[in-house]
Amino acid sequence: MEPNFREIAQKWQKAWKTSGIYKTSIDSTRPKYYVLDMFPYPSGAGLHVGHPLGYIASDIVSRYKRLKGFNVLHPMGFDAFGLPAEQYAIQTGRHPADTTAENIARYKEQLDNIGFCYDWSREVNTSDPKYYKWTQWIFLQLFKSWFNLETQKAESIQSLIAKFESGGSAATKGACGEHEAFSASQWKEFSETKQREILMQYRLAYQDYSTVNWCEALGTVLANDEVKDGFSERGGHPVEKRRMRQWFLRITAYAERLLNDLDGLDWTDSMKEMQRNWIGRSEGAMVRFDLSPNPSPQERGASQTVLVQEPQSPYHHAIPEVWNALISKAKEMRSNMTPSEKLLWEELRGGRSGLKFRRQHIIDRFIVDFVCLSAGIVVEVDGEIHNDQKEHDEGRTVELNRNGFQVIRFTNEEVNSDLHSVVEQIIFACAQRKLYNEIDFIQLAKEDEEGYSATPLSNSQNSTETPPSPRGEGPGERSDKADLNSTDSILPSNHHNSSSTPPSPRGEGLGERYIEVFTTRPDTIFGVDFLTLAPEHELVAEITTDAQRAEVEAYVNTAKNRSERERMADVKRISGVFTGAFAKHPFTGNPIPVWVGDYVLAGYGTGAVMAVPAGDQRDWDFAKHFNIPITEILVDIDISEAANPTKDAILKNSGFLDGLTGYQGIRKAIEEIEKAGIGAGKVNYRLRDAGFSRQRYWGEPFPIVYREGAAFELEEGQLPLELPVMEDFRPTGQPESPLAKAGDWLEAPEGKRETDTMPGYAGSSWYFLRYMDANNDETFVGKEAEAYWQDVDLYIGGTEHAVGHLLYSRFWQKVLFDLGHVTTHEPFRKLINQGMILGRSNFVYRVGGDNKYLSADLLKSHPELKTSALHVDVNMVKNDILDQEAFRNWRPEFAGAEFITNSEGNYVCGVEVEKMSKSKYNVVNPDDIISEYGADTLRLYEMFLGPLEQYKPWNTNGIEGVYRFFKKLWNLFYNDQGGLKLTNDAPTENELRTLHKTIRKVEEDIERFSFNTSVSTFMICVNELHELKCNKKAILKDFLIVLSPYAPHIAEELWSACGETSSIINASYPAWNEAFIKESSVMYPVAFNGKTRFQITVPADMPQAEVQAIALANEESQKWLNGAAPKKVIVVPGRMVNIVM
RNA sequence: GCCCGGAUGGUGGAACUGGUAGACACGCAGGACUUAAAAUCCUGUGAUCAUUGCGAUCGUGCGGGUUCGAUUCCCGCUCCGGGUACCA
């Protein structure tokens, strides 16, 4: 008789429901165990076979822990607010409340079919006002608190107000935005609006203007993790940046705690690592670089007169005879400029670049292509460069250098292909040169050193691209000038005594402006060759010189308008522009050019970096691209091809850091930076405050009203603030919420309502707490319930929530903990990530344009046939063999399909593993499996598929094996006629051994979440009991208990067949007895040099020496030893014997 | 690029602290039962060689190393999967 597993499942599901056996309550006599699944988002598509994988695992643990005597909390609910539900509703033209309710009903039905032991009386639904009342309440707790940096805890905003009243803004340190300083009396005089404005800077839930991801198509802003490569994760619509007033949660205040507390969690390393990366802690230093004053026109004039004899005798050294020849030649050249020269001249002529250039100008005995006399820069454009030409050029360069000119060379190709960059470099070189000139002037005057003309560029390889540094120490030469003493002597004196006055946050000091950078490599500070600002950096406009203004503005505008996507797309492209400004190196006093580049992100650190080409590849690339000279600071490291970012290289040319490794240098450098009062060691985080506003309809409304522009919270008694029912809830297409159209609702007696709604993660950040006391109307979770259930012992869900949900939940929990509302500071003790179940797509191969299909196993033998692969519904395929009739009936166009089958007459389908999706026809619905094989088979088979955490394709092929197992089990209880064949006989030793081995193994497996191996243990047990022809109740009943977490329905059915009247769910897990498992004799494999040759069987308690003797005495041993004496014999007790020859 | 994980028969996978590699299952082949099929049961199934038999050799992505002994530990690679990124 065939058992009907489907009917059995339905029967017991009904019985359990009626008896309310899954209802859980607080029971202080038993230890608690809280097993939680990540609750699903009820989409319209329903569950596929991949969804229940984690649920099955958690259900097994729940039932097992219950058998073990724990009071188990195992709830389920629905994450029902959010964008997808709204999108789905808009698509179907219905209200999200209706579609959500339907989807939930469908999900529940599907879940119940699988036989989960959820206590549905604790169901939560985040879109239910009874639930979101408390989401709003928690938001108010965040709104009404601030983070005290001194105690590293959240406190009530009242304590902050008290501190302001007594000591003004200086009285305390809290995590906050920017605001002015004020005294206690000033505070008291502030208007309420003003006070609220300041408090807003401290609240854990606060408002701020910020750039957000605005998605035109979805009509809403998106969280960073909802944006992938500049497109919305859902729908793939383009996303752009907009500046809007938004709600934020001050999660950054908790960065350190969120990071440190990871250590105590039983999560996978990769999961913790993802959170660590997201928090992105990096240690380093803040360093300020004072800005040199921009040269005024007068100063420029001064420098000109000193350094270049201009304009009186620009043609110096030219003797009359040569002069006449040169001048006619120059005229000729002017009228016959090469196309590249013409191109460049168009950019340089008439002072367009802010500098005056002359063309085909005579200097000494040369005619140079272009020259900027005020800066002393010669620009040469060459054709193809041959070797002898190169030599000639070098000679010419040296002579021009001698005359005080710096030569920059470009090839025709460079000018033609990247004119912009060429012009850029020229302007940069001129500006830099001008500043050097000034400094030289000052230094020369002061120190009475050798004159400028005696500072030639001697390094002929790169001299054309290398401007002289202030006192003549070009790269790789004159190192005697770069020693500690000389750098000390030019340290600005104010740096030595300014440590008592902390720098203001930005470069707005009195009379002195500076750029503050964050660096993780303060040890490389002597290798700083330039600074780079993010295009959005606030100092950009201020410091840019007039000459560079047009270009910088153009660059900044382009960068701003470039969407995220475009910026991502050409990460490789290096772009930037020189501001014309210079900063002063804090230790050497060298001028450091300030650039703008979009490789620097405004949102990280200070939005400015100190660029060290020697140690950072991006800086290196930037320097090479713009011909910025690179300072070498690493001993014996070649940086001609790439930067060296390692910290173990020895530093040189680095003043007080010389001779130290990077590791040592970091500490020393921070020390010196702090001593000099130009900065301090600093820990920086990548984590940003969490955007908490959404311009959508289907979310929690904020319990906030506005009066005179200030935000006021609603009273607790006014919650929930229900979402108004609206006919038209579609996005407005403007960056404002659909709720802006809500008419009367907007006008509250207390003021004007906030129209944004909360994001999807609001409700899911605390749902695990609500389950503990889901029906409490007085509070979000009762004190008693919270104290009993505390936290989640086991949390199972996908890795996709690694940083979003899991981080926000931890943050909320910590805030609630600080405020005294919960007793634990981490919500999820152990976390397991189930791997995704992938689809296994099947294909048919259509021949040409015909309605004819070639079997996949014949593809190779028929290379002459051109075929195209078509996805075919996997539900028409069994063991990769197509149901031909079903295919013909699938769609009208396949009705007359002809099949070229293999020799057995089968049509074999092709196979590919892909994500499960409707469009690939590879979705398997658990309901179909259940109606064919029953719920237990589905449960057991999903577990049998492989390790829980592993990604694996769904393959229905193996399910028969599990089904056979159940039939085999059934046959231990029933004979062919359907009669029970159970006996009450005493079990034999063998039967007991089989049983107790199984009890032990399954227990061990569940404890380490190795569910797939318990399934094979069940199979082994049933196979053995079959062999033993065991139908003894004493054995089978215990086996059923062990099996019941995996296969509750069949276990319950057979349990009652044994005459039990109470449910197996309430049974106790049997204890295994070592005495039954112990074998009286042990089989030892005997190996020679590690290779197993034969086996011996000896009594289990035989001493090692005797085992060794027996092994050696064996005649097989004699054969393998071949007369030789063994060198060594190793006996591993109970394991094996190894004889070394 | 960086971080994490992985690679074992025709397939999914097992081997938990280094100790008989391939448990359990699928598939396949052969057999029993049956008029036949399904279901069920039995046998075999890593590769190569030898097959009359005893068997032998190789084998856990590749190359080294440690060890009496390595799928397991170490070093260096290859490939695959996931995460993440101009993060200074």
Base contacts versus sugar-phosphate-only contacts with protein, heavy atoms under 4.0 Å: please encode nucleotides 10-24 of chain B as B, S and - from 5' to 3'. --BSSSB--BB--BB
Taking all non-hydrogen atoms of both residues, which atom of A/M610 and which atom of A/T524 are closest, and how far apart?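 That closest heavy-atom pairing would be CE-OG1, 3.8 Å.
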Spacing of the [atom1] atoms in [M] and [N] (rounded, Å):
| N | M | atom1 | value |
| --- | --- | --- | --- |
| B/G10 | B/U45 | C1' | 11 Å |
| B/C74 | B/G5 | P | 11 Å |
| B/C86 | B/G81 | C1' | 25 Å |
| B/U67 | B/C79 | P | 32 Å |
| B/C54 | B/G46 | P | 16 Å |
| B/A7 | B/C77 | C1' | 14 Å |

Could you go step by step and tell me if A/F530 and A/F622 meet the ring pair (Phe, Tyr, Trp, His ring centres under 6.0 Å) rule? CA-CA 10 Å; A/F530 55 100; A/F622 197 87; 5.3 Å; yes
Protein N or O to nucleotides 39-45 of chain B N or O, pairs below 3.5 Å:
from: B/A39; atom 1: O3'; to: A/K967; atom 2: NZ; distance (Å): 3.4

Examine distances only and state if a side-chain atom of [X] and a backbone atom of [Y] form a donor-acceptor pair shorter than 3.5 Å.
| X | Y | value |
| --- | --- | --- |
| A/D689 | A/T252 | yes |
| A/K1029 | A/L972 | no |
| A/Q834 | A/L53 | no |

Taking O4'-C1'-N9-C4 for purines and O4'-C1'-N1-C2 for pyrimidines, is B/G61 syn (within 90° of 0) or anti?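 Anti for B/G61; the angle lies over 90° from 0.
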Take the protein atom [atom1] of [X] and the nucleotide atom [atom2] of [N], then report the distance between them rounded to whole Å.
| X | N | atom1 | atom2 | answer |
| --- | --- | --- | --- | --- |
| A/F622 | B/C86 | CZ | P | 17 Å |
| A/K647 | B/A88 | NZ | C1' | 12 Å |
| A/R618 | B/G1 | CZ | P | 16 Å |
| A/W620 | B/A88 | CH2 | P | 20 Å |
| A/D621 | B/G1 | CG | C1' | 12 Å |
| A/Q617 | B/G1 | CD | P | 13 Å |

Step by step, would you call A/K997 with A/E1024 a salt bridge (charged side-chain N to carboxylate O under 4.0 Å, His left out)? CA-CA 11 Å; A/K997 259 185 352 198; A/E1024 285 182 10; 3.6 Å; yes
Mind telling me whether A/F518 and A/Y604 have parallel, tilted or perpendicular rings, with 30° and 60° as the class edges?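 Perpendicular, since the angle between the ring planes exceeds 60°.
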For the residue pair A/W970 and A/F5, categorise the inter-ring angle as parallel (less than 30°), tilted (30 to 60°) or perpendicular (more than 60°).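 If you compare the ring of A/W970 with that of A/F5, the planes turn out perpendicular.
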For RNA chain B, the dot-bracket pattern of Watson-Crick and G-U pairs whose distances stay under 3.5 Å, | for other-strand partners: (((((((..(((......[....)))((((((.......))))))((((.....))))..(((((..]....))))))))))))....
Is a salt bridge present between A/R276 and A/D263, judged by a nitrogen-to-oxygen distance below 4.0 Å? yes
Ring-ring centroid check A/F289 A/Y514, cutoff 6.0 Å: no
Using a cut-off of 4.0 Å on non-hydrogen atoms, how would the nucleic acid contact of A/V1140 be classed: base, sugar-phosphate, or nothing?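 Sugar-phosphate, backbone atoms only, no base.
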Counting the atoms with a prime plus P, OP1 and OP2 as sugar-phosphate, which does A/R840 contact under 4.0 Å by heavy atoms, base, sugar-phosphate, or nothing? nothing
Comparing nearest nucleotides in RNA chain B, the 5'-proximal residue of the pair A/K1128, A/M271 is A/M271
Are A/M1102 and A/I1110 close enough that some pair of their side-chain heavy atoms sits under 4.5 Å apart? yes
Establish, for the pair A/R840 and A/W954, whether the NZ or CZ atom is under 6.0 angstrom from the six-membered ring centre and no further than 45 degrees off its axis. no
Which of the following nucleotides, B/A88, B/A85, B/C86, is nearest to the side chain of A/Y599?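 The answer is B/C86.
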